[in-house]
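So that the names make sense, note that chain A is the first sequence line, chain B the second, and so on, each numbered from 1.
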Amino acid sequence: MSITLKINGETREVSADADTPLLWVIRDELNLTGTKFGCGVASCGACTVHINGQPQRSCVTPVSAVGEQEVTTIDVIDTPQARAVQTAWQELDVVQCGYCQSGQIMSAAGLLSSNAKPSDEDIDSYMAGNACRCATYHRIRAAIHRASDILEG
Amino acid sequence: MDATKNTSMNRRTFLKSAAALSGSMVVGFNATGVLAASMDSTAANPVGFNPFVKISPNGTVTAVIKHFEMGQGTTTGLTTLIAEELDVPWDQVEVEFAPSHDNYKNLAFGGQGTGGSTAMANSFLQYRQAGAAARDMLIRAAADKWGVAASDVTLTDGILKSGESESAPISEFVIQAAKLAAPEKPVLKDPGSFRLIGNNKLPRKDSVAKTTGKATFAMDVTVPDMLYVTILRSPLFGGTLTSFSIENAAQVNGFVDARALPDQSGVAIYAKSTWASIKARRAVTAVWDNSAAETRGSAEMLSDYTAKLNAEPTYDATGKADLADTEATAKAAARSVSADFHFPLLAHAPMEPLNCVIEPTEDGGIRLHDGCQFPMITHPTLAAIAQVPPEKVEIITYYAGGSFGRRANGNSDYHVQAVLAFVALGGKQAVKLVWTREDDLAGGYYRPMFAQRAHIGIGDDGKISAWGHRSVAQSIFKGGPMESIAVHNGIDHFSVEGIVDTPYQIPMSLGLTDYESSMPVLWWRSVGHSQSGYTMEVLMDMAAEAADKDPVEFRLAHLDESDENQARFAGVLKLAAEKAGWDGKSVEGKGRGIAVHKSFDTYVAQVTDVSTDASGAISIDKVTCAVDCGIAVNPDVIRAQMEGSIGYGLGAVMRNEITMNKGVVEQGNFPQYEPLRITDMPDIEVHIVESDKAPTGVGEPGLPPAGPALANAIYAATGKRVTRLPMTSSGITFA
């Protein structure tokens, strides 16, 4: 079926079954490859995108459920929170293999949008669904605090 | 590394940079390891060498990286060596991955590949020489133009200078320098003048791409007319395909075709998208011949391991034919320790599920797009299966989303699947093989199970007087392409490493028995050390307690620090203890454990602090780590690798195991193989020993001490000795 998606500030027509996970439409149909496939069951967070500004797992979101909502991916995200998170990630050299980091950054930007000054516990609780097999968590925690400081100015 | 943006971009960028190279200087090595240089590297290596450093006429330097990047930092590390010796600004150097070619061999392996924590160790002189040769040529070109002696010209931070009057960026001399011959033995910098090697503030080369979604992994590659492929495999290891039906799959939108893989190992499901292939696969039914398959369950395997521990060992790994005597002496000692250890199967579970793209090339060959860890094996394997000459196989390497050993496979398992799927469809259409997480966890090539048994006697002097040890392991190397390197007198060194070669001075006898199964096993981050470190360091703690000695003092009493190896081992032990404020005191509700291990020529010690809550659940509060890896080329990468290895090791010992029921793997996806989460991650402090020794690896050695330091801390806090992993299967709960 033909589905209209509002994604990254554009309106795109895609052809997909209603049950197709948004992830695969983003990656295979729209060729936006910053969003990653890690588990397919919303257990690792590598596929995290923003839907109306909220982090969501695109691997379990049927494309038909998106409707009029605005989808934003790592490829273009440009909110103050995302920019601060990316800057902090680069300052602290958080990444190792990097495959989960799109999802980590999308989640971290979501956290700072709802909680500008998170504690370690706030960070752990919010980020617990984003797995990193390289275990860069120690730096993720530090980088979220740093991003919070950057936003504070 | 924008050159890896995507496939079509990759080709375009390649051609563009090739054009820009005319007039560039390239410096590299030929097949016999001799430095060579040329103006033009694009015309099929006219002088028979491959570039390691390229400098374009605008002064941009490109480091050609022969190792793949799985997160361990090699793109930063090897680039540091070039930039250091060439002496150019860090941001003036770009990075690209080398193609598959023997001149890019790992000097520790003799073929192109990444593993065994060898990337920096084998490249340290080679990449410095390439950078120093380019520097020498630029200096000679400038000296010639300025009419001065080469010894009067300096090159610092990308600027050539002579006296007060002459000064120019390297870009002005690239074309002249490219016409000069490479020096046979370029003079390397004195370590005292390093400004990048050892620099704490050098940003990773892959940081920006990996924080903006722009880093390209093989999973992100598309090529024209490509079909997406998933494979339906037998649920049992060793099962082969009898027949299959696509009746229901044919209804799935985007489904194209299904074919038996030519080796009957599975059914390839071809579709127009990843999702369509995944969905169609669920609708394919197959009948399997499981007559040669592994049908045991984990409980049976465990009892088989125990039976082998009880039997006379097959091999005498210490070569003194004294196991029975040593065990008897140990058991008869006034103070003694006996323990059995059991280690489960472990999956690597890299974040990027295995995948690769194979496409036909215009010259009748094939091109592989992959986060390729072992080109030396994958390249000839693909050539043989696709029946094309090796020179018509091209490998384009991308960032790999983790590996932990999984992508380095003696059978090139997932590449073989992809090329079989390519061949099965006629060999004319590109295919992208994609594994799901379920394929990954059930896909075999696990860290093998291990069983260990030790009897340790303590002498009147409070030191170990006898250590009788038995190991049972499924050999990783037997039957594989590197068997001759690893297996001697029947003993796979990787089954006994970390025990037979311990730096401790202890009278040990070690017997080994192999375990046989058709279930494939593989090296998993730190290989044998992933469990021998645990075994040795928990046993040393038990022995220290039996001897009524402090664990640090007891360990030091078994080390002779006049020997360099033992001194470095003792050095990290003392440093970790000092930095953690080790005082041997116990605090209610807290526990502290220590462990030290040498692997891949690197020494690591860790002190782990835990606390318990009212229910007895454990929180891992902090790990204080000391590492001696020789010269610290990139201190921040070393810290990152210690942090990551500790986390990877802790997650595994806490709760990870692959189990089987009648041969069928029971872990479907992450919820059943729960990865370490941020909520589990302790604070970590890393201290690096200052050293002028040659650099050694850091990708794996941080892992072996992580488990036993935790186990010893848990014992200190709770009195529970965990000798069967994962810890959750021994009744330990975590907060």
Side-chain angles (χ1 to χ4, degrees), chain A residues 1 15-17 19-21 23-25 27-29 31-41 43-44 46 73-77 85-87 89-102 105 121 123-141, chain B residues 6 69-73 203-204 206-217 219-220 222 228 253 273-275 278-279 349-353 399-404 434 436-438 636-637 640-641 643-648 650-651 669-671 675-684:
Chain A
M1 61 186 281
S15 172
D17 288 351
D19 67 346
T20 307
L23 169 69
W24 295 114
V25 173
R27 288 184 54 81
D28 289 354
E29 306 297 323
N31 201 27
L32 294 165
T33 55
T35 306
K36 303 303 185 193
F37 165 57
C39 71
V41 296
S43 179
C44 78
T73 70
I74 183 77
D75 309 274
V76 303
I77 192 161
V85 166
Q86 287 168 321
T87 301
W89 247 244
Q90 290 163 15
E91 281 181 12
L92 273 63
D93 267 349
V94 169
V95 306
Q96 290 188 29
C97 91
Y99 192 79
C100 75
Q101 298 293 351
S102 295
I105 287 166
E121 291 71 28
I123 292 170
D124 284 6
S125 159
Y126 196 92
M127 301 296 291
N130 283 86
C132 173
R133 291 292 286 158
C134 302
T136 61
Y137 302 123
H138 184 244
R139 292 184 188 219
I140 286 173
R141 223 180 258 149
Chain B
N6 63 36
E69 176 70 78
M70 56 185 146
Q72 82 279 36
R204 281 182 75 112
D206 51 358
S207 210
V208 172
K210 288 177 175 177
T211 50
T212 52
K214 291 181 172 58
T216 304
F217 300 82
M219 188 69 98
D220 304 327
T222 51
Y228 296 79
N253 278 334
S273 70
T274 317
W275 177 245
I278 291 171
K279 207 170 157 185
M351 278 309 300
E352 181 191 12
Y399 288 124
S403 173
F404 316 111
V434 177
T436 60
R437 181 60 58 198
E438 290 83 356
D636 200 49
V637 169
Q641 285 306 298
E643 293 160 7
S645 298
I646 289 167
Y648 195 78
L650 289 177
N669 204 315
F670 277 142
L676 185 90
R677 301 280 178 176
I678 194 169
T679 42
D680 305 308
M681 190 72 176
D683 188 18
I684 297 179

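- Of the atoms belonging to B:Asp683, heavy atoms from both backbone and side chain fall under 4.5 Å from chain A.
- Contact count against chain A (heavy-atom pairs under 4.5 Å) is highest for B:Gly401 among B:Ser403, B:Pro682, B:Gly647, B:Gly401.
- If you tally non-hydrogen atom pairs under 4.5 Å between each of A:Ala128, A:Gly34, A:Gly129 and chain B, the highest count goes to A:Ala128.
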Please determine whether side chain to side chain contact (heavy atoms under 4.5 Å, CB included) holds for the pair B:Phe217 and A:Thr33, giving the CA-CA distance in whole Å, both sets of side-chain angles, and the decisive distance to 0.1 Å. CA-CA 9 Å; B:Phe217 300 82; A:Thr33 55; over 6 Å; no
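- For chain B, the nearby parts of A:Asp19 are the backbone and the side chain; heavy atoms of each come within less than 4.5 Å.
- In this structure, the portion of A:Ala46 lying under 4.5 Å from any heavy atom of chain B is its side chain and not its backbone.
- By number of non-hydrogen pairs under 4.5 angstrom with chain B, the leading residue of A:Ser125, A:Ser102, A:Gly98 is A:Gly98.
- Salt bridge B:Glu352/A:Lys36: absent, no basic N to carboxylate O contact under 4.0 Å.
- Using a 4.5 Å cut-off on side-chain heavy atoms (C-beta onward), A:Phe37 and B:Pro353 make contact.
- At a 4.5 Å heavy-atom cutoff, the contact between A:Asp17 and chain B is made by side-chain atoms alone.
- Side-chain atoms of A:Arg133 do not come within 3.5 Å of backbone N or O of B:Pro350 as any donor-acceptor pair.
- Taking chain A as the reference chain and counting heavy-atom pairs below 4.5 Å, the highest number among B:Ser273, B:Ala349, B:Ser645 is found for B:Ala349.
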Residues A:Val95, B:Asp206; criterion side chain to side chain contact (heavy atoms under 4.5 Å, CB included); working and verdict: CA-CA 8 Å; A:Val95 306; B:Asp206 51 358; 4.2 Å; yes
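- Taking 4.5 Å as the limit, every side-chain heavy atom of A:Trp89 sits out of range of all side-chain heavy atoms of B:Ser207.
- Chosen from A:Glu91, A:Gln101, A:Arg139, A:Met127, the residue pairing most often with chain B at heavy-atom distances under 4.5 Å is A:Arg139.
- A donor-acceptor pair is defined here as one N or O able to donate and one able to accept, closer than 3.5 Å; no such pair exists between the side chain of B:Arg437 and the backbone of A:Gly40.
- Ion pairing of A:Asp75 with B:Lys214 is absent here, as no side-chain N (NZ or NE/NH1/NH2) approaches a carboxylate O to less than 4.0 Å.
- Interatomic distance, B:Tyr648 OH to A:Cys132 SG, rounded to the nearest 0.5 Å: 11.5 Å.
- Contacts between B:Ala400 and chain A at a heavy-atom distance below 4.5 Å involve the backbone alone (N, CA, C, O).
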Verify side chain to side chain contact (heavy atoms under 4.5 Å, CB included) between A:Tyr137 and B:Thr679, making sure each step is shown before the conclusion. CA-CA 9 Å; A:Tyr137 302 123; B:Thr679 42; over 6 Å; no
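- Look at B:Asp220 and A:Arg27 and you find a salt bridge, because one of the NZ, NE, NH1 or NH2 atoms lies within 4.0 Å of a carboxylate O, short of that distance.
- A salt bridge does not link B:Lys210 with A:Asp93: none of the charged nitrogens is closer than 4.0 Å to a carboxylate oxygen.
- Scanning for side chain to side chain contact (heavy atoms under 4.5 Å, CB included) contacts around A:Val41 gives A:Cys39, A:Ser43, B:Glu438, B:Asn669, B:Pro671, with sequence neighbours left out.
- Neither the backbone nor the side chain of B:Ile646 comes within contact range of chain A; no heavy atom of the residue lies under 4.5 Å from a heavy atom of that chain.
- Remark: A:Asp28 CG to B:Tyr228 OH distance equals 4.0 Å, nearest 0.5 Å.
- Both the backbone and the side chain of B:Met219 come within contact range of chain A, each with at least one heavy atom under 4.5 Å from a heavy atom of that chain.
- Considering only heavy atoms from C-beta on, B:Met351 comes within 4.5 Å of A:Cys44 through its side chain.
- The side-chain heavy atoms of B:Met681 and A:Arg141, taken from C-beta on, include a pair separated by under 4.5 Å.
- A donor-acceptor contact closer than 3.5 angstrom is absent between the side chains of A:Gln86 and B:Thr211.
- Here B:Arg204 contributes atom CZ and A:Gln90 contributes atom CD; the two are 12.5 Å apart, rounded to the nearest 0.5 Å.
- Heavy-atom distances place the side chain of A:Glu29, and not its backbone, under 4.5 Å from chain B.
- Between chain A and the residues B:Gly651, B:Gly402, B:Pro203, B:Ala640, the largest count of heavy-atom pairs under 4.5 Å involves B:Ala640.
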List the steps and the verdict of side chain to side chain contact (heavy atoms under 4.5 Å, CB included) for B:Ile678 and A:Asn130. CA-CA 8 Å; B:Ile678 194 169; A:Asn130 283 86; over 6 Å; no
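- Neither the backbone nor the side chain of A:Thr136 comes within less than 4.5 Å of any heavy atom of chain B.
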